[in-house]
Structure formats: structure tokens, C-alpha cells
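Input: a single structure, listed below in C-alpha cells.
Source: prediction; values computed, not measured. Remember, it's 1-based here, ligands and their atoms both numbered in the order they're listed.
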Amino acid sequence: MEQTFIMIKPDGVQRGLIGDIISRFEKKGYYLKGMKFMNVEKSFAQQHYADLSAQPFFAKLVDYIISGPVVAMVWEGKDVVLTGRRIIGATRPWEAAPGTIRGDHAVEVSRNVIHGSDSVENGKKEIALWFPGGLAEWKSNLHPWIYEN
Ligand code: IDP
Ligand code: MG
């Protein structure tokens with residue numbers, strides 16, 4: 001099954017949104033496969049956002065991500081990359097629909113609470129970067145109640 005990398009950014013941690021965010025993925029029917037609460041080094045944040053290094057906001061973005069601890073997670077499930085992005089909502093919170101994480105909890109693009117992989121391929125890269133030691137092995141007993149097959 002598909003996996004995605006989700007990170008609660010420092011503002012999400014500081015604002016007490018960890019439980020709400022985890023609940024949304026959990027209740028949907030996705031499986032938590034990895035989770036770490038950690039501070040990241042500047043060079044690591046730069047690596048995570050390497051694709052955006054030419055953007056004018058890159059330096060500020062890196063400072064934002066290293067401004068406090070983050071919750072790094074891997075979630076697994078059917079179409080979890082795309083559906084996870086829909087649960088998160090649009091990058092710019094003023095464009096994020098109410099009911100999405102950013103629609104409900106964020107105002108500014110530079111304080112938008114959460115990261116989610118934007119493709120299966122990038123998800124794989126991000127999971128390898130953040131969880132080099134691998135992921136937890138388990139299968140939920142609820143599986144047949146969530147998935148037909
Ligand atoms: P995403 O997080 O929805 O995938 P990306 O375009 O990959 O959005 O940008 C990564 C992050 O960079 C955003 O979540 C946001 O925190 C920040 N960012 C994006 N655009 C801007 C901007 O115009 N100004 C400041 N920060 C931005
Ligand atoms: Mg992105």
C-alpha cells in the first residue's frame with residue numbers, strides 16, 4: 001500500500017495541534033508506520049526542501065522549520081499521498097477549504113502547520129531521508145472493516 005511523509009511543523013506543535021492532526025489521519029483509516037518528535041538541523045531542513053532552494057522564501061522557510069521541534073510521521077493507506085494532501089488543504093491557507101487542516105488552523109503560507117508529500121515518488125524520497133532506520137511493522141486488526149480487500 002501507498003505511504004506518505006507527513007510532518008507537523010513547529011507552529012503546529014507550539015499551538016497544540018498534534019492530537020487533532022494525528023486524529024484526522026487515524027480516523028480516516030490510515031495506518032501510522034513511523035513517528036518521531038525531533039528538532040532538525042539547518043542542513044537537514046535544506047535537504048528536505050532542496051527542490052525549493054531557488055525560491056525567494058527558501059531561507060525563511062528553513063528558519064521556520066528549525067524554529068522548534070516537529071513531528072515526523074509516515075502514514076500508509078490507499079491513495080494516502082493525494083488524499084493526505086486533500087486532508088491538509090491548499091498550501092496557501094486562505095485558499096484551503098474549511099474542514100481541511102490548513103483551512104481550519106492556519107492563516108499565513110509561512111505558518112501553515114503541516115507538510116505532506118506531493119507525489120508517491122517524493123514520498124519515498126522523504127521517508128528514506130527522515131526514517132533511514134526503517135518503519136514499524138504491523139497490521140491493524142481493523143483492516144477488513146476499513147478495506148474491502
Ligand atoms: P506544500 O507544503 O503545500 O507542498 P510547497 O510549494 O511545497 O507547498 O512549499 C513548501 C512550503 O514552503 C509551504 O508549505 C510553505 O510553508 C512555504 N511556502 C510556500 N510558498 C511560500 C511563499 O510564497 N512564501 C512563504 N512561504 C512559502
Ligand atoms: Mg511541497
Next on the checklist: Working note: Met35 + Ile22, criterion side chain to side chain contact (heavy atoms under 4.5 Å, CB included); need CA distance, chi angles, decisive distance, verdict.
Outcome noted: CA-CA 10 Å; Met35 180 159 71; Ile22 290 176; 3.8 Å; yes
Checklist entry - Measuring from Phe37:CZ to Ile18:CD1, what's the distance to the nearest 0.5 Å? => result 5.0 Å
Checklist entry - At under 4.0 Å between heavy atoms, which part of Lys9 makes contact with ligand 1: side chain, backbone, both or neither? => result side chain
Checklist entry - Among all protein non-hydrogen atoms, which one is nearest to atom 11 (C) of ligand 1, and what is the separation to 0.1 Å? => result Leu61 CD1, 3.9 Å
Item to check | Worked verdict on Phe44 versus Val62 for side chain to side chain contact (heavy atoms under 4.5 Å, CB included) | outcome: CA-CA 9 Å; Phe44 188 87; Val62 168; over 6 Å; no
Checklist outcome for this item: Closest to atom 15 (C) of ligand 1 among protein heavy atoms sits Val109 O, 3.2 Å
Checklist outcome for this item: Check: of Met7, Arg92, Arg85, His48, min heavy-atom distance to atom 4 (O) of ligand 1 comes from Arg85
Item to check | For Ile114 against Phe25, the heavy-atom pair lying closest together | outcome: CD1-CE1, 4.4 Å
Item to check | Heavy atoms of other groups near Lys28 NZ, more than 12 under 6.0 Å | outcome: no
Checklist entry - Where is the nearest protein heavy atom to atom 22 (C) of ligand 1: which residue, which atom, and how far? => result Phe57 CD2, 3.4 Å
Checklist entry - Between Tyr49 and ligand 1, is there a nitrogen or oxygen pair with a distance under 3.5 Å? => result no
Next on the checklist: Heavy atoms only, cut-off 4.0 Å: how does Asn112 contact ligand 1, side chain, backbone, both, or neither?
Outcome noted: side chain
Checklist entry - For Lys9 and Val113, what are the C-alpha separation, side-chain angles and deciding distance, and is it a side chain to side chain contact (heavy atoms under 4.5 Å, CB included)? => result CA-CA 5 Å; Lys9 295 175 176 177; Val113 170; 5.9 Å; no
Checklist entry - Nearest to atom 10 (C) of ligand 1, what protein heavy atom do you find, and at what distance? => result Leu52 CD1, 3.4 Å
Next on the checklist: Quick test of your reading of the model: are Asp20 and Arg15 salt-bridged, counting only N-O distances below 4.0 Å?
Outcome noted: no
Checklist entry - How far is atom 6 (O) of ligand 1 from its nearest protein heavy atom, and which residue and atom name does that atom have? => result Thr91 CG2, 4.3 Å
Item to check | Arg102 and ligand 1 - part of the residue with a heavy-atom distance under 4.0 Å | outcome: side chain
